[in-house]
Amino acid sequence: MVTAGQVLPWMLLAAAAGGLGAAARFLMDGEIRLRWRGALPLSTLVINVAGSLLLGLTCGLVGTLPTPSLVALVSETTTPTAAISSDPWTLGVALALVGFCGGFTTFSTAMYEVTQLLLNRRTWMAVGYWVGSAGAAVIAVVLGMMSGAQL
Amino acid sequence: MSADKLLHRHWGLILLVGLGGAVGAGVRLLVVEGLSFWVGAGAVATVLVNIAGAFGLGWLLQALVKAGRHAGHQVRLQEGRQAGLATGLRERHPAGPEAGFHGERQAVLQAGPEGTKRRLLRLGLGTGFFGGFTTYSGFALDTVTLAGLSPSLTSGATAGTAAGLGSLGPVLSVALYLAASLIGGLAAALLGMAVGAAVGRRGSGDSLKSADARRSAGPMESVDPLGSVDPLGSGDPARSVHADRPVDPRVAVDPTRGDA
(Lines give C-alpha, C1' and ligand atoms only; values in the text may rest on other atoms or scores of the structure.)
Protein backbone atom coordinates (compact mmCIF):
# COMPACT_ATOMS: atom_id res chain seq x y z
CA MET A 1 0.00 0.00 0.00
CA VAL A 2 1.29 3.41 -0.93
CA THR A 3 0.65 6.44 1.22
CA ALA A 4 0.17 9.97 0.00
CA GLY A 5 3.43 10.91 1.69
CA GLN A 6 5.28 8.48 -0.54
CA VAL A 7 3.77 9.80 -3.74
CA LEU A 8 3.54 13.52 -3.03
CA PRO A 9 7.26 14.36 -3.25
CA TRP A 10 7.51 12.63 -6.63
CA MET A 11 4.43 14.43 -7.84
CA LEU A 12 5.86 17.78 -6.76
CA LEU A 13 9.12 16.94 -8.51
CA ALA A 14 7.33 16.08 -11.74
CA ALA A 15 5.15 19.20 -11.50
CA ALA A 16 8.17 21.45 -10.91
CA ALA A 17 9.88 19.87 -13.90
CA GLY A 18 6.70 20.55 -15.86
CA GLY A 19 6.96 24.21 -14.92
CA LEU A 20 10.55 24.24 -16.14
CA GLY A 21 9.36 22.64 -19.36
CA ALA A 22 6.67 25.28 -19.83
CA ALA A 23 9.22 28.08 -19.30
CA ALA A 24 11.58 26.41 -21.76
CA ARG A 25 8.73 26.16 -24.27
CA PHE A 26 7.96 29.87 -23.90
CA LEU A 27 11.60 30.77 -24.52
CA MET A 28 12.13 28.37 -27.40
CA ASP A 29 8.86 29.31 -29.06
CA GLY A 30 9.77 32.98 -28.98
CA GLU A 31 13.22 32.35 -30.43
CA ILE A 32 11.85 30.20 -33.26
CA ARG A 33 9.20 32.79 -34.05
CA LEU A 34 11.87 35.45 -34.42
CA ARG A 35 13.41 33.38 -37.19
CA TRP A 36 10.42 31.74 -38.87
CA ARG A 37 7.88 33.88 -40.67
CA GLY A 38 5.93 31.18 -42.46
CA ALA A 39 2.26 30.45 -41.98
CA LEU A 40 2.90 27.00 -40.52
CA PRO A 41 3.10 27.10 -36.69
CA LEU A 42 6.56 25.63 -36.86
CA SER A 43 7.60 26.50 -33.31
CA THR A 44 4.90 24.38 -31.65
CA LEU A 45 5.56 21.56 -34.08
CA VAL A 46 9.28 21.56 -33.30
CA ILE A 47 8.60 21.77 -29.56
CA ASN A 48 6.08 18.92 -29.57
CA VAL A 49 8.23 16.64 -31.69
CA ALA A 50 11.38 17.41 -29.68
CA GLY A 51 9.55 16.79 -26.40
CA SER A 52 8.15 13.52 -27.73
CA LEU A 53 11.62 12.44 -28.79
CA LEU A 54 12.96 13.20 -25.32
CA LEU A 55 10.10 11.32 -23.68
CA GLY A 56 10.69 8.29 -25.88
CA LEU A 57 14.39 8.49 -25.14
CA THR A 58 13.67 8.58 -21.42
CA CYS A 59 11.46 5.51 -21.68
CA GLY A 60 14.08 3.71 -23.71
CA LEU A 61 16.84 4.56 -21.24
CA VAL A 62 14.81 3.49 -18.22
CA GLY A 63 13.71 0.41 -20.10
CA THR A 64 10.10 0.53 -19.01
CA LEU A 65 6.96 2.36 -19.84
CA PRO A 66 6.14 4.96 -17.24
CA THR A 67 2.56 4.34 -16.34
CA PRO A 68 0.64 7.58 -15.95
CA SER A 69 -0.05 6.63 -12.37
CA LEU A 70 2.63 7.63 -9.92
CA VAL A 71 1.06 5.38 -7.32
CA ALA A 72 1.65 2.42 -9.59
CA LEU A 73 5.14 3.69 -10.30
CA VAL A 74 6.16 4.09 -6.69
CA SER A 75 4.45 1.03 -5.29
CA GLU A 76 6.33 -2.23 -5.01
CA THR A 77 3.72 -4.19 -6.88
CA THR A 78 3.95 -6.54 -9.77
CA THR A 79 3.69 -3.85 -12.45
CA PRO A 80 6.47 -3.84 -15.02
CA THR A 81 7.41 -0.38 -13.87
CA ALA A 82 8.13 -1.48 -10.33
CA ALA A 83 11.67 -2.30 -11.34
CA ILE A 84 12.80 1.31 -11.33
CA SER A 85 11.18 2.20 -8.05
CA SER A 86 13.92 0.46 -6.10
CA ASP A 87 16.42 3.09 -7.17
CA PRO A 88 15.27 6.53 -6.08
CA TRP A 89 17.81 8.35 -8.25
CA THR A 90 16.72 6.61 -11.41
CA LEU A 91 13.11 7.18 -10.49
CA GLY A 92 13.77 10.83 -9.72
CA VAL A 93 15.62 11.57 -12.93
CA ALA A 94 13.09 9.66 -15.00
CA LEU A 95 10.18 11.45 -13.36
CA ALA A 96 11.85 14.83 -13.80
CA LEU A 97 12.37 14.12 -17.50
CA VAL A 98 8.82 12.83 -17.95
CA GLY A 99 7.48 15.87 -16.08
CA PHE A 100 9.61 18.21 -18.17
CA CYS A 101 8.36 16.71 -21.43
CA GLY A 102 4.77 16.93 -20.21
CA GLY A 103 5.07 20.65 -19.50
CA PHE A 104 7.28 21.37 -22.49
CA THR A 105 4.92 19.93 -25.06
CA THR A 106 1.41 21.27 -25.37
CA PHE A 107 -1.69 19.77 -26.87
CA SER A 108 -3.99 22.72 -26.29
CA THR A 109 -1.87 25.20 -28.24
CA ALA A 110 -1.52 22.76 -31.12
CA MET A 111 -5.29 22.38 -31.35
CA TYR A 112 -5.78 26.12 -31.07
CA GLU A 113 -3.34 26.70 -33.90
CA VAL A 114 -5.32 24.29 -36.06
CA THR A 115 -8.42 26.41 -35.46
CA GLN A 116 -6.49 29.54 -36.45
CA LEU A 117 -5.27 27.97 -39.67
CA LEU A 118 -8.83 26.91 -40.45
CA LEU A 119 -10.16 30.40 -39.72
CA ASN A 120 -7.48 31.86 -41.98
CA ARG A 121 -8.71 29.50 -44.70
CA ARG A 122 -5.51 27.54 -44.83
CA THR A 123 -7.51 24.36 -44.80
CA TRP A 124 -4.93 21.96 -46.19
CA MET A 125 -2.19 23.33 -44.01
CA ALA A 126 -4.52 22.96 -41.03
CA VAL A 127 -5.25 19.33 -41.82
CA GLY A 128 -1.59 18.64 -42.51
CA TYR A 129 -0.52 20.27 -39.27
CA TRP A 130 -3.30 18.57 -37.30
CA VAL A 131 -2.52 15.04 -38.49
CA GLY A 132 1.15 15.58 -39.31
CA SER A 133 2.01 16.77 -35.81
CA ALA A 134 0.53 13.61 -34.34
CA GLY A 135 2.33 11.39 -36.82
CA ALA A 136 5.66 13.15 -36.31
CA ALA A 137 5.32 13.00 -32.53
CA VAL A 138 4.49 9.29 -32.57
CA ILE A 139 7.46 8.56 -34.83
CA ALA A 140 9.64 10.67 -32.53
CA VAL A 141 8.57 8.62 -29.50
CA VAL A 142 9.37 5.37 -31.29
CA LEU A 143 12.75 6.64 -32.51
CA GLY A 144 13.54 7.95 -29.03
CA MET A 145 12.65 4.62 -27.47
CA MET A 146 14.82 2.70 -29.92
CA SER A 147 17.74 5.07 -29.41
CA GLY A 148 17.38 5.02 -25.65
CA ALA A 149 17.28 1.25 -25.57
CA GLN A 150 20.55 1.16 -27.54
CA LEU A 151 22.41 3.43 -25.13
CA MET B 1 12.13 45.01 -33.72
CA SER B 2 8.98 45.28 -31.73
CA ALA B 3 9.37 44.78 -28.01
CA ASP B 4 6.38 42.46 -28.14
CA LYS B 5 8.45 39.95 -30.05
CA LEU B 6 10.95 39.78 -27.23
CA LEU B 7 8.55 39.07 -24.38
CA HIS B 8 9.98 35.58 -24.07
CA ARG B 9 13.33 37.04 -22.99
CA HIS B 10 11.77 38.78 -20.03
CA TRP B 11 12.72 36.90 -16.86
CA GLY B 12 9.58 37.84 -14.98
CA LEU B 13 7.39 36.51 -17.75
CA ILE B 14 9.46 33.33 -18.04
CA LEU B 15 8.94 32.83 -14.32
CA LEU B 16 5.21 33.48 -14.69
CA VAL B 17 4.90 30.92 -17.47
CA GLY B 18 6.97 28.47 -15.42
CA LEU B 19 4.75 28.89 -12.38
CA GLY B 20 1.59 28.52 -14.44
CA GLY B 21 3.09 25.47 -16.12
CA ALA B 22 4.03 23.87 -12.81
CA VAL B 23 0.50 24.33 -11.49
CA GLY B 24 -0.97 23.03 -14.74
CA ALA B 25 1.32 19.99 -14.78
CA GLY B 26 0.56 19.34 -11.10
CA VAL B 27 -3.18 19.47 -11.70
CA ARG B 28 -2.76 17.14 -14.67
CA LEU B 29 -0.82 14.65 -12.55
CA LEU B 30 -3.52 14.75 -9.88
CA VAL B 31 -6.32 14.35 -12.42
CA VAL B 32 -4.54 11.51 -14.19
CA GLU B 33 -3.84 9.86 -10.85
CA GLY B 34 -7.47 10.13 -9.85
CA LEU B 35 -8.84 9.00 -13.19
CA SER B 36 -6.35 6.14 -13.41
CA PHE B 37 -7.67 4.97 -10.08
CA TRP B 38 -11.33 5.23 -11.03
CA VAL B 39 -11.20 4.40 -14.72
CA GLY B 40 -8.14 2.21 -14.55
CA ALA B 41 -6.92 3.58 -17.87
CA GLY B 42 -4.16 6.14 -18.07
CA ALA B 43 -4.71 6.82 -21.76
CA VAL B 44 -8.33 7.75 -21.12
CA ALA B 45 -7.18 10.22 -18.50
CA THR B 46 -4.73 11.87 -20.91
CA VAL B 47 -7.43 12.25 -23.56
CA LEU B 48 -9.80 13.89 -21.10
CA VAL B 49 -7.10 16.24 -19.79
CA ASN B 50 -6.07 17.26 -23.30
CA ILE B 51 -9.64 17.84 -24.44
CA ALA B 52 -10.43 19.86 -21.33
CA GLY B 53 -7.27 21.91 -21.79
CA ALA B 54 -8.01 22.61 -25.46
CA PHE B 55 -11.46 23.81 -24.47
CA GLY B 56 -10.06 25.98 -21.70
CA LEU B 57 -7.38 27.57 -23.90
CA GLY B 58 -9.88 28.30 -26.66
CA TRP B 59 -12.19 29.91 -24.16
CA LEU B 60 -9.44 31.97 -22.52
CA LEU B 61 -7.88 33.30 -25.70
CA GLN B 62 -11.19 34.14 -27.29
CA ALA B 63 -12.40 35.89 -24.15
CA LEU B 64 -9.15 37.87 -24.01
CA VAL B 65 -9.53 38.87 -27.63
CA LYS B 66 -13.02 40.10 -26.87
CA ALA B 67 -11.82 42.10 -23.91
CA GLY B 68 -8.81 43.48 -25.77
CA ARG B 69 -10.92 44.41 -28.72
CA HIS B 70 -13.05 46.62 -26.59
CA ALA B 71 -10.18 48.17 -24.64
CA GLY B 72 -8.07 48.65 -27.73
CA HIS B 73 -10.97 50.35 -29.42
CA GLN B 74 -11.37 52.76 -26.55
CA VAL B 75 -7.66 53.55 -26.45
CA ARG B 76 -7.27 54.20 -30.12
CA LEU B 77 -10.45 56.17 -30.24
CA GLN B 78 -8.90 58.50 -27.71
CA GLU B 79 -5.56 58.59 -29.46
CA GLY B 80 -7.20 59.18 -32.77
CA ARG B 81 -8.91 62.23 -31.37
CA GLN B 82 -5.70 63.51 -29.86
CA ALA B 83 -3.36 62.97 -32.72
CA GLY B 84 -5.67 62.57 -35.64
CA LEU B 85 -3.36 59.93 -36.97
CA ALA B 86 -3.66 56.35 -37.94
CA THR B 87 -1.94 54.07 -35.51
CA GLY B 88 -0.52 51.95 -38.25
CA LEU B 89 -2.86 49.05 -38.03
CA ARG B 90 -3.81 46.65 -40.70
CA GLU B 91 -7.18 45.10 -41.28
CA ARG B 92 -7.33 41.99 -39.16
CA HIS B 93 -9.65 40.02 -41.34
CA PRO B 94 -8.30 40.08 -44.84
CA ALA B 95 -10.69 38.71 -47.37
CA GLY B 96 -8.28 36.34 -49.01
CA PRO B 97 -6.01 33.60 -47.77
CA GLU B 98 -2.92 35.45 -48.97
CA ALA B 99 -2.73 37.30 -45.68
CA GLY B 100 -2.06 34.42 -43.42
CA PHE B 101 -1.26 33.44 -39.93
CA HIS B 102 1.66 35.74 -39.44
CA GLY B 103 0.11 38.51 -41.42
CA GLU B 104 -2.62 38.71 -38.86
CA ARG B 105 -0.14 38.61 -36.04
CA GLN B 106 1.51 41.69 -37.38
CA ALA B 107 -1.76 43.51 -37.20
CA VAL B 108 -1.28 43.94 -33.51
CA LEU B 109 0.51 47.01 -32.42
CA GLN B 110 -0.18 48.26 -29.03
CA ALA B 111 -1.71 47.14 -25.83
CA GLY B 112 -4.05 49.51 -24.14
CA PRO B 113 -3.89 50.41 -20.47
CA GLU B 114 -5.40 47.04 -19.64
CA GLY B 115 -3.02 45.27 -21.97
CA THR B 116 -0.68 44.32 -19.19
CA LYS B 117 -3.35 42.51 -17.24
CA ARG B 118 -4.54 40.59 -20.27
CA ARG B 119 -0.98 39.80 -21.29
CA LEU B 120 -0.26 38.33 -17.86
CA LEU B 121 -3.45 36.29 -18.04
CA ARG B 122 -2.60 35.03 -21.49
CA LEU B 123 0.95 34.04 -20.56
CA GLY B 124 0.29 32.74 -17.06
CA LEU B 125 -2.98 30.95 -17.73
CA GLY B 126 -2.71 30.23 -21.45
CA THR B 127 0.94 29.56 -22.21
CA GLY B 128 1.70 28.43 -18.65
CA PHE B 129 -1.27 26.68 -17.08
CA PHE B 130 -3.09 25.23 -20.09
CA GLY B 131 0.18 24.61 -21.89
CA GLY B 132 1.52 22.64 -18.95
CA PHE B 133 -1.82 21.01 -18.19
CA THR B 134 -2.08 19.46 -21.64
CA THR B 135 0.67 17.29 -23.05
CA TYR B 136 1.49 16.35 -26.59
CA SER B 137 4.32 13.99 -25.71
CA GLY B 138 2.04 12.10 -23.35
CA PHE B 139 -0.49 11.80 -26.14
CA ALA B 140 2.19 10.46 -28.50
CA LEU B 141 3.54 8.05 -25.89
CA ASP B 142 0.06 6.72 -25.15
CA THR B 143 -0.45 6.06 -28.85
CA VAL B 144 2.79 4.11 -29.02
CA THR B 145 1.89 2.26 -25.84
CA LEU B 146 -1.53 1.30 -27.15
CA ALA B 147 0.08 0.04 -30.35
CA GLY B 148 1.86 -2.49 -28.18
CA LEU B 149 5.34 -1.08 -28.66
CA SER B 150 7.54 -0.99 -25.66
CA PRO B 151 11.16 -0.10 -24.99
CA SER B 152 11.80 -3.41 -23.27
CA LEU B 153 10.10 -5.96 -25.39
CA THR B 154 9.83 -8.36 -22.50
CA SER B 155 7.00 -6.30 -21.09
CA GLY B 156 5.57 -5.66 -24.51
CA ALA B 157 2.79 -8.14 -24.00
CA THR B 158 1.41 -6.08 -21.16
CA ALA B 159 1.85 -2.76 -22.91
CA GLY B 160 -1.64 -2.59 -24.36
CA THR B 161 -3.34 -3.61 -21.18
CA ALA B 162 -1.16 -1.30 -19.12
CA ALA B 163 -2.74 1.66 -20.85
CA GLY B 164 -6.15 0.26 -20.11
CA LEU B 165 -7.69 -0.27 -23.55
CA GLY B 166 -6.12 -3.63 -24.10
CA SER B 167 -9.38 -5.48 -24.48
CA LEU B 168 -9.97 -3.67 -27.77
CA GLY B 169 -6.82 -4.85 -29.44
CA PRO B 170 -3.96 -2.62 -30.55
CA VAL B 171 -5.27 -1.40 -33.91
CA LEU B 172 -8.69 -0.43 -32.65
CA SER B 173 -7.22 1.09 -29.50
CA VAL B 174 -4.82 3.28 -31.46
CA ALA B 175 -7.49 4.35 -33.94
CA LEU B 176 -9.93 5.17 -31.18
CA TYR B 177 -7.32 7.02 -29.16
CA LEU B 178 -6.09 9.11 -32.09
CA ALA B 179 -9.62 9.95 -33.20
CA ALA B 180 -10.75 10.86 -29.71
CA SER B 181 -7.70 13.05 -29.10
CA LEU B 182 -7.49 14.84 -32.44
CA ILE B 183 -11.18 15.22 -33.27
CA GLY B 184 -12.11 15.77 -29.65
CA GLY B 185 -9.29 18.25 -29.12
CA LEU B 186 -10.12 20.30 -32.19
CA ALA B 187 -13.84 20.28 -31.45
CA ALA B 188 -13.15 21.28 -27.86
CA ALA B 189 -10.94 24.19 -28.94
CA LEU B 190 -13.62 25.44 -31.33
CA LEU B 191 -16.33 25.01 -28.73
CA GLY B 192 -14.24 26.80 -26.14
CA MET B 193 -13.72 29.70 -28.53
CA ALA B 194 -17.43 29.90 -29.23
CA VAL B 195 -18.20 29.93 -25.53
CA GLY B 196 -15.47 32.49 -24.88
CA ALA B 197 -16.85 34.74 -27.58
CA ALA B 198 -20.40 34.43 -26.32
CA VAL B 199 -19.55 34.90 -22.66
CA GLY B 200 -17.16 37.73 -23.40
CA ARG B 201 -19.84 39.58 -25.29
CA ARG B 202 -22.37 39.20 -22.53
CA GLY B 203 -19.91 39.82 -19.72
CA SER B 204 -18.69 43.12 -21.10
CA GLY B 205 -22.03 44.69 -20.45
CA ASP B 206 -23.52 47.73 -22.13
CA SER B 207 -20.46 49.04 -23.88
CA LEU B 208 -20.02 45.99 -26.04
CA LYS B 209 -23.58 45.94 -27.18
CA SER B 210 -22.66 48.84 -29.38
CA ALA B 211 -21.65 48.70 -32.99
CA ASP B 212 -18.57 46.81 -31.83
CA ALA B 213 -20.30 43.54 -31.34
CA ARG B 214 -22.71 43.87 -34.22
CA ARG B 215 -20.16 44.79 -36.80
CA SER B 216 -17.65 42.08 -36.05
CA ALA B 217 -17.49 39.80 -39.04
CA GLY B 218 -17.41 36.61 -37.02
CA PRO B 219 -17.23 35.36 -33.48
CA MET B 220 -13.67 34.10 -33.75
CA GLU B 221 -10.44 35.88 -34.28
CA SER B 222 -6.80 35.13 -34.40
CA VAL B 223 -4.64 35.41 -31.40
CA ASP B 224 -1.12 34.25 -30.87
CA PRO B 225 -1.35 31.69 -28.09
CA LEU B 226 2.29 31.33 -27.27
CA GLY B 227 3.27 34.81 -26.80
CA SER B 228 5.72 36.56 -29.06
CA VAL B 229 3.29 39.20 -30.14
CA ASP B 230 0.74 40.69 -27.89
CA PRO B 231 -2.61 40.18 -29.54
CA LEU B 232 -4.55 41.71 -26.77
CA GLY B 233 -4.64 45.32 -27.58
CA SER B 234 -6.02 44.65 -30.98
CA GLY B 235 -9.27 46.00 -32.19
CA ASP B 236 -10.90 46.70 -35.45
CA PRO B 237 -8.53 49.15 -37.12
CA ALA B 238 -11.11 50.42 -39.54
CA ARG B 239 -13.13 51.74 -36.65
CA SER B 240 -10.26 53.17 -34.70
CA VAL B 241 -8.61 54.92 -37.58
CA HIS B 242 -11.74 56.54 -38.83
CA ALA B 243 -13.69 56.45 -35.66
CA ASP B 244 -15.68 59.54 -36.48
CA ARG B 245 -17.20 58.32 -39.71
CA PRO B 246 -18.80 55.12 -40.89
CA VAL B 247 -16.38 52.69 -42.42
CA ASP B 248 -16.88 49.36 -44.00
CA PRO B 249 -14.84 47.08 -41.74
CA ARG B 250 -14.17 44.73 -44.61
CA VAL B 251 -12.03 47.28 -46.38
CA ALA B 252 -8.38 46.88 -45.51
CA VAL B 253 -6.64 49.86 -44.02
CA ASP B 254 -3.08 49.89 -45.18
CA PRO B 255 -1.06 52.64 -43.51
CA THR B 256 1.68 52.38 -46.09
CA ARG B 257 -0.69 53.65 -48.72
CA GLY B 258 -1.09 56.90 -46.91
CA ASP B 259 -4.69 55.97 -46.45
CA ALA B 260 -4.99 58.08 -43.33
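Reminder, nothing fancy here: chain letters follow the sequence lines and each chain counts from 1.
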Picking from A:A16, A:G21, A:S52, which has the most non-hydrogen pairs under 4.5 angstrom with chain B?
A:S52
For the CG atom of B:L29 and the CG atom of A:L13, what is their distance to the nearest 0.5 Å?
10.0 Å
Among B:L15, B:V49, B:I51, B:L30, which has the most heavy-atom pairs under 4.5 Å with chain A?
B:L30
Enter the distance from A:M111:CE to B:Y136:OH here, rounded to the nearest 0.5 Å.
5.0 Å
pair B:L61-A:Q116: side-chain heavy atoms closer than 4.5 Å:
no
Taking side chain as C-beta onward, heavy atoms only, is A:L34 less than 4.5 Å from B:L6?
yes
Could you tell me which portion of B:L60 (side chain, backbone, both or neither) has an atom closer than 4.5 angstrom to a non-hydrogen atom of chain A?
neither
Can a donor-acceptor pair be found, under 3.5 Å and without considering hydrogens, that links the side chain of A:T105 to the backbone of B:S137?
yes
Under a 4.5 Å cutoff for heavy-atom pairs, which residue among B:L13, B:V27, B:L19 has the most contacts with chain A?
B:L13
Rounded to the nearest 0.5 Å, what's the gap from OG1 on B:T135 to CG on A:N48? Could you check?
8.0 Å
Measure distances from B:F139 to the heavy atoms of chain A and classify the residue's part below 4.5 Å as side chain, backbone, both or neither.
side chain
Just so I know, are the side chains of B:L186 and A:L118 near enough to count as touching, which here means a heavy-atom distance under 4.5 Å?
yes
Test your reading of the model: is there a side-chain donor-acceptor pair from A:R25 to the backbone of B:V17, 3.5 Å cut-off?
no
Nearest 0.5 Å, what's the CE-OG1 distance between A:M145 and B:T145?
5.5 Å
Gap between atom OG1 of A:T115 and atom CD of B:Q62 - 0.5 Å precision:
8.5 Å
To the nearest 0.5 Å, what is the distance between CG on B:L190 and OH on A:Y112?
10.0 Å
Among A:A17, A:C101, A:G51, A:G102, which has the most heavy-atom pairs under 4.5 Å with chain B?
A:G102
Which atoms of A:L54 approach chain B - backbone, side chain, both or neither, heavy atom under 4.5 Å
neither
Please list, one pair per line, the donor and acceptor atoms closer than 3.5 Å that link side chains of residues 125-140 of chain A to other protein atoms, with sequence neighbours excluded.
residue, atom, partner, partner atom, Å
A:Y129, OH, A:E113, OE1, 2.6
A:W130, NE1, B:L182, O, 3.2
A:S133, OG, A:Y129, O, 2.8

Among B:G53, B:G131, B:G58, B:G21, which residue forms the greatest number of heavy-atom pairs with chain A at distances under 4.5 Å?
B:G131
Between A:L119 and B:M193, what is the shortest heavy-atom contact and its length?
CD1-CE, 3.8 Å
A:D29 vs B:H8 side-chain heavy atoms within contact, under 4.5 Å
no
